[in-house]
Structures are given as structure tokens and as C-alpha cells.
Protein chains: 2
Amino acid sequence: MPRMTSSERRDAIVEAALNVMVGKGMAATTVRDVAEQMGTSSGLIHHYFESMDDLLAAAFDRAAGRDLDATRAAVARGGGPVERLAVFFATYVRAEQDWAFQLWLDAWAEAARRPAVRETSQRHNVAWQQLLSETIRAGVNADVMVCGDPEAAAWRILSLLDGLALQAVAHRLLINRQAVISWSVSYAEAELGLSPGSLGCLPRR
Amino acid sequence: MPRMTSSERRDAIVEAALNVMVGKGMAATTVRDVAEQMGTSSGLIHHYFESMDDLLAAAFDRAAGRDLDATRAAVARGGGPVERLAVFFATYVRAEQDWAFQLWLDAWAEAARRPAVRETSQRHNVAWQQLLSETIRAGVNADVMVCGDPEAAAWRILSLLDGLALQAVAHRLLINRQAVISWSVSYAEAELGLSPGSLGCLPRR
DNA sequence: GGCGTTGTTGGACAGGCGCACAATAGCCTC
DNA sequence: GAGGCTATTGTGCGCCTGTCCAACAACGCC
């Protein structure tokens, strides 16, 4: 196979691992799968990653990082705090759709046995909470939201979002994505003292 | 090893499997582990269970079923609808503690690859939602709660509970059990038109 | 152009997995 | 007590896993 620079190859491996993970799930992803996906030998992978744990963590890190970066960028483009918060919800729910949330599910479960995966998922979880709590804090400082503890409120809102996504994945027919976003938006409006409907023109409950 | 009746042996296998699952996680549980835990040969297990999928599902079914039955019984002992709801929260959060929620996490992740586990976790999820929505409906019928759609409200409350438990397990230090119960209780009170504090004397936010 | 460095190969290794199956051991019935 | 039924054993098969390593090949440097 063609020679690559270190960073290119490392990138390609992570990308291949991510592809396999999306298709088969994190727990079922093997070194040989990733090698086959890349079209190289399996030994190559261990030249770039100390262990399978590290590789899975790196692949998950990339997927989760992309979603986080996309949401962070979209939020930053928003005008006022309220609009930024609305963008947060819209982008978050879109990011967590389909295979993405299954990946989070896998990561949480695997975290019990894979230290690197655990570290990665914890780091991203905290990053999401920080992004949301900073958005809330900006709204409070601008006197358009009311919240005594933005940190705690962010945990609560994220918990509801994740819990709803969980239910949506667990039985796809009973809860749909429309419900996830409208319910969580309604909750956030109540939590932050916003008037109903101010966080988006989506049909609400 | 001493001979048992069919049902006794089946029971013992499920119990042993559950013990292993609690200690090592569902994904890491093997036939040989379960056999060793029981003190018998591994071949015996396949006389009672067609596949590992069935065994894992049966073990999870027992664990989840116990929690559900305990909560259902505790709720039934409650006096009025409001007290029953308060009992639901107290018992639910206690049931989901420690290893129990990790088991749910494992089940959700494994569900993608193990049909029997998927069926079992879906069944229990729906059962929890029915228990909660029936409690809510009773409160609405008794004119002590206000809720236009008890089914949907039950999904929202359960989602928040699960999401909070998820965060609590993911980073044990940032959210504790006290927060899980007080935050979810506060949400339920707002959702159902109850006055703050009516769902329990626990310290709230 | 030779040479050292390094990306890359492909297979070996030890271990673990679910599962199957013939042999054994214990109980019940007649 | 004999015979049959079934719970139980122990082993072995085939496959798959992560990791390692000696050999090979391509690139940059002098």
C-alpha cells in the first residue's frame, strides 16, 4: 500500500475505525476489520496505536469532536443568547441522530472496561455541559434568562436530552426526533424563565 | 454436582449469570464464567439456554423485573396518588443505583447485536412507562394533578430520570443521587401542576 | 549509488469464545 | 433389581481476538 506520512496514516486509521464502528458498533470493531476497511495489514495499526482501547477512543473522539465543534460553531454564529440557545438545541438533536447516539451508548457501556474510552467520553460530556452552561450564563448576564445556577441547569437540560435520545433509540416508534427537540426545548424555556415558543418556531407539545 | 429439577437449575443458572454480569458487565460475561460461578460444567448451560443471547436476556430480565416489581409493590402500598408518585421516585432512584444502571447501559448497548436482550429491555422500558403513566392518570382522575397527556409526561419524566442517572454514572462526582432525585422530582411537580415540595420532603434545589 | 531509517507486511502466537456431542451418573418407574 | 430417561460432565472443534515480530520495501540523506 502507498506510503503515507505519520499524521496522514494516523488520520486514515482513525477514519477507517470510525467507519467500522458506525457500521458494527464499538464493541464489535476489531483490528482486522479496521485494516480491511483501510486496505492494509493489521500489523500497521499497532504501529500507530498502542492498544485497541486507544484506537477506539481516538475514533470516538473524532466523531464526538466533530459534533461538538459543529454545534459550537453554529452557536457562535447565533446573534443573541436566546437565538444561540435555540441553535444549540437544533444542532444538538441533529448531531445525536441515527448512529451517533448509538456510538455514545457504546462508549458509555465500554467505558466500564476501557480506560481510554472512559476518559474520552467523560471529557466530551463535560465539554458539552460547558458549552451549554456558558450559553446560559451569557443569557443571564444579558438579562434575557433567569437562572441561579447555570452549571446545574445545563446538567439537567443535557440529561433530559440524552434521556430522550435514549428512549428514542431504544424504541424508535414511540418517541421521534420531533418530540425530543420540542420536549427538551419546552423544558429549557421553563427552566430559564423564557416565554413559551421563544426557543424556536418548531411545533411544540 | 447435585441434581436439580429443571426449574430449579434454570433458576440457579440465571442467578449465577446475574452475579457474573453485575461483577464484570454484560458484554464480558461468558458461559465459562457462569459455569464456574455455579460450580458446574459449561455444557450444562446450553442444555437450558439455546444461546448466550437468551441467557443474558434472562438474567437481565430477572434483575430488571425485581426492580420493577419492587417499585410497583411500593407504589401500590402508597395512599393517595401524590404519595404514590413520591414513592415511585424514591424507589426508582434507589433501584437504579450502583450496578443496576450499568446493567441497563450494557443492555441498551448490547441490544444492537443481541435480539433477545433488545426485546427484554424494550419490554421493561414500556412496563416502567406504563406504571408511571397509570399513576399519573390516577392523579388526574382524582383532580390532584394536571396533565393533558399522561403517556407523554411519563416518557419525559422517565427520560430525565434515565438521563440524570446516565450522567451520574458517567462522572460520579459531578452529579450525585441526591441531585438526581431532587431535580427529577422538581420537574415532575412542574409537569403535573403540583406545588413545589409536595412530592417529598427531600432537600430540593 | 549505497545506506540507514522507517513505514509496511503477513503470519505466528497464546488465549478466549460459543457451541456440540459422546460418555457418564443419578433418579424414577416397573 | 433392571431398565430407561435425563441431568450433568468434560472435552474438543472451529473460529476469532489483540498483540507481537522478523522480514520486506520505500524513502531521505550523505
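Chain letters run A, B, ... following the sequence lines, proteins first, then strands; residues in each count from 1.
One can place CE of A:Met4 at 10 Å from P of C:dT9, the figure rounded to the nearest angstrom. To the nearest angstrom, C1' of C:dC17 lies 13 Å from CD1 of B:Ile45. Rounded to whole Å, atom P of D:dT8 lies 9 Å from atom CE of B:Met38. Straight-line distance from the CD atom of A:Glu50 to the P atom of D:dT19: 10 Å, rounded to whole Å. The separation between A:Glu36 atom CD and C:dG10 atom C1' is 15 Å, rounded to whole Å. If you measure from atom CD1 of B:Ile13 to atom P of C:dG18, you get 14 Å, rounded to the nearest angstrom. Going from atom CG of B:Leu44 over to atom P of C:dC21 covers 17 Å, rounded to whole Å.
Note on A:His46: every side-chain N or O is 4.0 Å or more away from OP1 and OP2 of D:dC20. Proximity of B:Tyr48 to the phosphate of D:dT8: a side-chain N or O atom is located under 4.0 Å from OP1 or OP2. Contact annotation: B:Ser51 side-chain N/O to C:dG18 OP1/OP2 distance is not under 4.0 Å.
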### Task
Any chance you could lay out the side chain to side chain contact (heavy atoms under 4.5 Å, CB included) test for B:Asp69 and B:Arg72, step after step, and finish with the verdict?
CA-CA 5 Å; B:Asp69 290 343; B:Arg72 190 180 277 138; 3.5 Å; yes

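Counting any heavy atom pair closer than 4.0 Å across all strands shown, A:Phe49 reaches no nucleic acid atom. A:Thr5 comes within contact range of no nucleotide atom at all, as no heavy-atom separation falls under 4.0 Å.
Classification of the A:Phe88-A:Tyr92 ring pair by plane angle, with boundaries at 30° and 60°, yields parallel.
Cation-pi contact between B:Arg114 and B:Phe60: absent, since separation from the ring centre below 6.0 Å together with deviation from the ring axis within 45° is not met.
Contacts between residues 23-30 of chain A and DNA chain D, counted as heavy-atom distances below 4.0 Å, involve A:Thr29, A:Thr30.
In B:Glu15, the CD atom is crowded: over 12 heavy atoms of neighbouring residues, nucleotides or ligands sit closer than 6.0 Å.
The two residues B:Asp162 and B:Phe101 have their closest heavy-atom pair at O-CZ, 3.5 Å.
Side-chain polar atoms of B:Thr30 and B:Asp33 form a donor-acceptor pair below 3.5 angstrom.
Judged by distance alone with a 3.5 Å cut-off, a donor-acceptor contact links the side chain of B:Arg32 to the base of C:dG18. A:Arg9 contributes no side-chain N or O that forms a donor-acceptor pair with the base of C:dG7 under 3.5 Å.
Under a 4.0 Å N-O distance rule, the pair A:Arg32/A:Glu36 does not qualify as a salt bridge.
Comparing C:dC19, C:dT9, D:dT8 against the side chain of A:Thr40 picks out C:dT9 as the nearest. When each of C:dG10, C:dG18, D:dT9 is scored by its nearest atom to the side-chain atoms of A:Ser41, the top-ranked nucleotide is C:dG10.
Nearer the 5' end of DNA chain D, as judged by each residue's closest nucleotide, is the contact made by B:His47, out of B:His47 and A:Ser42.
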